[in-house]
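Remarks on the structure that follows.
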Protein chains: 2
Amino acid sequence: MINALGKYIREKREALRETDRRYTLRKVAGHIGVEPSYLSKIERGETSAYLTEEKIRLLAEYLNEDPDVLLGLSGKISQDVQEIIRRRPQLFAQLIRDLKRMPDHAILKIVREVRDGNW
Amino acid sequence: MINALGKYIREKREALRETDRRYTLRKVAGHIGVEPSYLSKIERGETSAYLTEEKIRLLAEYLNEDPDVLLGLSGKISQDVQEIIRRRPQLFAQLIRDLKRMPDHAILKIVREVRDGNW
DNA sequence: CATATTGTGTAGTATACAATACACAATAAG
DNA sequence: CTTATTGTGTATTGTATACTACACAATATG
């Protein structure tokens, strides 16, 4: 499985560090509850280094990033979203496959209409 | 992770067997490429017995079932669907969460409109 | 300059996942 | 009634995932 998370969070962390010296690898590691050596492996994209969803969420919070994006970068999908799909697999699989080639704005339009209660 | 697959496929296999004697556990196991003892464990819902997506697909074909349904029952989501979500995690996570409480017919309506190109 | 901090290298661990191999008792078929 | 077939029990295996522990060299700080 791909691991694009590392490069992304290293860049974000270094960017944050420009204005706030506290964003060291060790501080971040401590905050999400892993050994610094392990976070180092992740940031450098070592293929055998992964984080659990829980830790990716803590990381997202600390780096002010969207958890779904960070999960996506490490090849994962939020457990709650997975659960929704698993309850009605045919329906959701169908919908998602149909939306594969739709541009973002078309999907956002659906989101808005669903929220407005047009269904 | 839950494993409701076992009960479901045992019932389906036994139903098929009523009219076709070839639907034995051993035959099905041979068809999908696992040891009979392993399929036995799965059908009886032993928590530590799982099948890969590839084998669940072969099983679905052989039992004339929807692969997405069988994947769902074993707590999985089709790889191709996962890939679609991972490419635009924010967008899809948002949409799926918003659709959580929508009735089937409302989601089907969206599917139909997407297919009709109303976007 | 001494020392504190930082990132990284190496080695090792626990658990989940995805199976195999083979023996065996119960049932079915010839 | 013998033989074949069926489902299951037990033991074991390999790989992926998700980490820890600790040493160490380079860099930064007082």
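Basis for what follows: all heavy atoms, side chains included, without hydrogens, waters or symmetry-related copies. Predicted model, so just to flag it, every value in this text is computed and none were measured. Sequence lines set the chain letters: A, B, ... in the order given, protein chains first and strands last, and positions in each chain run from 1.
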Could you tell me whether the side chain of A:Ser48 has a donor or acceptor atom within less than 3.5 Å of a complementary atom in the base of D:dA16?
-> no

Flag the pair B:Arg86 and A:Asp68 as a salt bridge only when some basic side-chain nitrogen lies within less than 4.0 angstrom of an acidic carboxylate oxygen.
-> no

To the nearest angstrom, the CD-P distance between A:Glu43 and D:dA18 comes to 18 Å

Taking the side chain of B:Ser37 as its heavy atoms from C-beta onward, which of D:dG9, D:dC19, C:dT20 lies nearest to it?
-> D:dG9

D:dA18 phosphate, OP1 or OP2: any side-chain N/O from A:Tyr50 under 4.0 angstrom?
-> no

Does B:Arg17 place a side-chain N or O at less than 4.0 Å from the phosphate oxygens OP1/OP2 of C:dA28?
-> no

Quickly work out the B:Arg22 CZ to D:dT5 C1' distance and round it to whole Å.
-> 17 Å

At under 4.0 Å between heavy atoms, what does B:Leu39 touch on the DNA or RNA strands: base, sugar-phosphate, or nothing?
-> nothing

Interatomic distance where CD belongs to A:Glu54 and P belongs to D:dC19 [whole Å] | 9 Å

Between A:Glu53 and A:Lys76, is the closest basic N to carboxylate O distance under 4.0 Å?
-> no

Per A:Arg13 side chain, nearest of listed nucleotides C:dG7, C:dC17, D:dT20 = C:dG7

Establish, with yes or no, whether the OP1 or OP2 oxygen of D:dG7 is under 4.0 angstrom from a side-chain nitrogen or oxygen of B:Arg26.
-> no

Name the closest nucleotide to the A:Lys41 side chain, picking from C:dC22, C:dA19, D:dT20.
-> D:dT20

Toward the 5' end of DNA chain D, by each residue's nearest nucleotide, B:Lys27 or B:Glu46 = B:Lys27

Is any NZ, NE, NH1 or NH2 atom of the basic residue among B:Arg87 and B:Glu83 found under 4.0 Å from an Asp or Glu carboxylate oxygen of the other?
-> yes

Per A:Thr24 side chain, nearest of listed nucleotides C:dG7, D:dT20, C:dA18 | C:dG7

A:Arg10 bridged to A:Glu43 by N-O distance under 4.0 Å | yes

